[in-house]
J.: 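Let me begin by handing over the structure; questions about it come next.
This one's a predicted model, so the numbers in the text were calculated from it and none came from an experiment.
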Amino acid sequence: MPDDAESWYFVRSPQRHQVDELIERVNKIAQGAALMTETTLDIQFLAGSYNYLPNKRLTSRVLDILNELGPLEFSEEEVAFAQTISRAFPDELRQQLTRSENIDVGRVDDGLIAEIQPMSGEGEVMPGSTDVSDVSWIAPTAQLMTTCFALGTPGHSWAITATSGMSIGHKGMLLAAKAMAIAAADAIVDSQFLAEVRSEFVASTAGRPFMSPIPTEVQPRNSNAA
């Protein structure tokens, strides 16, 4: 056994306070293991984030804007390319991923979804992490997804890169950019809309102010250090 050994843990839970409780328990387990083996323990905190807090009023406005902008238009070549990319993955995986997006599994071979989809997934927990979640506890936040990759392909994969860096991804990104820009303009010129967004945010965060999950004693790491 080496004199020094280390392990890395990523603790997740639907709510931030649940993560804090789990971290405390994990630390106690590690401390107990160190006592049992008569070894020393050093705990290093690397990162932390909140759960995403959606603002329904803002999100509904973004959806209205997307519907006004209309569906994406993909060429036959783009659809065929997306279908080829999608079919490189097992059918069971593609169906699972399509279902997780609340899209009819019968469309798994369509390659691309051009139409604007209705809002879905309320109350569901998405197993992912993003620092946008921290922002959502500081200011009203909405998120949207547009078609930039082939239906039924896994995230963070070569398939996402293959389609997002070409015309398919460019069309989806431009649609998202337009929707965000219009929503931002609406918040500036429509005082009633902005008041409704803020009112929901205040109610959602009442008694639950944002507190950085990173302990105060943790210092930024020097990425240039050897």
Side-chain angles (χ1 to χ4, degrees), residues 6-14 19 46-54 59-60 62-136 141-183 223:
E6 65 179 29
S7 59
W8 182 86
Y9 292 90
F10 197 113
V11 180
R12 279 178 171 166
S13 199
V19 173
L46 297 180
S49 61
Y50 263 66
N51 52 294
Y52 174 57
L53 181 67
T59 303
S60 64
V62 172
L63 179 59
D64 289 342
I65 293 168
L66 285 171
N67 283 319
E68 290 173 6
L69 291 171
L72 288 163
E73 295 183 4
F74 293 112
S75 67
E76 293 182 2
E77 291 78 9
E78 290 168 334
V79 172
F81 181 74
Q83 289 172 332
T84 299
I85 295 295
S86 176
R87 289 167 183 161
F89 295 89
D91 288 343
E92 184 177 350
L93 174 62
R94 295 195 300 135
Q95 292 172 6
Q96 176 187 341
L97 293 171
T98 300
R99 190 179 297 109
S100 69
E101 296 293 340
N102 295 299
I103 295 173
D104 181 7
V105 177
R107 302 194 61 182
V108 69
D109 288 323
D110 286 5
L112 297 169
I113 296 293
E115 316 87 67
I116 307 301
Q117 300 297 304
M119 196 183 306
S120 62
E122 183 175 353
E124 298 178 6
V125 177
M126 180 179 178
S129 298
T130 170
D131 49 12
V132 172
S133 296
D134 293 73
V135 175
S136 72
T141 304
Q143 287 188 295
L144 72 153
M145 296 181 66
T146 57
T147 298
C148 296
F149 52 86
L151 184 62
T153 52
H156 306 289
S157 68
W158 63 268
I160 303 295
T161 303
T163 51
S164 295
M166 58 172 291
S167 57
I168 294 173
H170 298 167
K171 290 179 178 180
M173 287 184 281
L174 284 172
L175 176 62
K178 290 177 182 178
M180 289 189 292
I182 295 172
S223 60

J.: Would you find a donor on one side and an acceptor on the other, under 3.5 Å apart, between the side chain of S86 and the backbone of L151?
T.: yes
J.: Taking side chain as C-beta onward, heavy atoms only, is R107 less than 4.5 Å from T98?
T.: no
J.: For E76, is the CD atom crowded, meaning more than 12 foreign heavy atoms sit under 6.0 Å from it?
T.: no
J.: Between OG of S100 and CD of E124, what distance do you get to the nearest 0.5 Å?
T.: 9.5 Å
J.: Could you report the tightest heavy-atom contact between V62 and A183, atom names first, then the distance?
T.: CG2-CB, 4.0 Å
J.: Indicate the atoms forming the closest heavy-atom contact of A162 with I85, along with that distance.
T.: CB-CD1, 4.1 Å
J.: Excluding sequence neighbours, so at least two apart, what forms side chain to side chain contact (heavy atoms under 4.5 Å, CB included) with V125?
T.: P14
J.: Among pairs that include at least one residue of residues 143-168, which meet side-chain hydrogen bond (donor to acceptor under 3.5 Å, both in side chains), considering only residues two or more places apart or in two chains?
T.: E78-S167
J.: Which residue pairs satisfy the ring-ring contact (aromatic ring centres under 6.0 Å, His included) criterion with at least one member in residues 164-183, sequence neighbours excluded?
T.: none
J.: For residues N102 and S120, report the shortest heavy-atom separation together with the two atoms involved.
T.: ND2-OG, 3.1 Å
J.: Would a 4.5 Å heavy-atom cut-off, applied to side chains only, mark E101 and L97 as touching?
T.: no
J.: Could you tell me which non-hydrogen atom of C148 sits nearest to which non-hydrogen atom of M173, and how far apart they are?
T.: SG-N, 3.8 Å
J.: Could you list the residues that satisfy salt bridge (Lys or Arg N to Asp or Glu O under 4.0 Å) with E122, not counting sequence neighbours?
T.: K56
J.: Quick one: does L175's side chain get under 4.5 Å of I116's, heavy atoms only?
T.: yes
J.: Would you call S49 and D131 a side-chain contact if the rule is heavy atoms closer than 4.5 Å?
T.: no
J.: Assess whether side-chain contact (heavy atoms from CB on, under 4.5 Å) is satisfied between Q117 and L66, documenting all intermediate values.
T.: CA-CA 9 Å; Q117 300 297 304; L66 285 171; over 6 Å; no
J.: Within the structure provided, determine whether T59 and M119 are in side-chain contact (heavy-atom separation under 4.5 Å).
T.: yes
J.: side-chain contact (heavy atoms from CB on, under 4.5 Å) for M180 and I65? Distances and angles first, verdict last.
T.: CA-CA 9 Å; M180 289 189 292; I65 293 168; over 6 Å; no
J.: Heavy atoms only: give me the nearest L112-F74 pair and the separation to one decimal.
T.: CD1-CG, 3.6 Å
J.: According to side chain to side chain contact (heavy atoms under 4.5 Å, CB included), who are the partners of E68, at least two apart in sequence or on a separate chain?
T.: none
J.: Considering residues at least two apart in sequence or located in another chain, which fulfil the side-chain hydrogen bond (donor to acceptor under 3.5 Å, both in side chains) criterion with N51?
T.: Q15
J.: Would you say L46 and W8 make side-chain contact, with heavy atoms under 4.5 Å?
T.: yes
J.: Got a second to check how far Q83's CD is from D110's CG, nearest 0.5 Å?
T.: 7.5 Å
J.: Work out which heavy atom in Q95 is nearest to a heavy atom in V105; give both atom names and the distance.
T.: CG-CG1, 3.6 Å
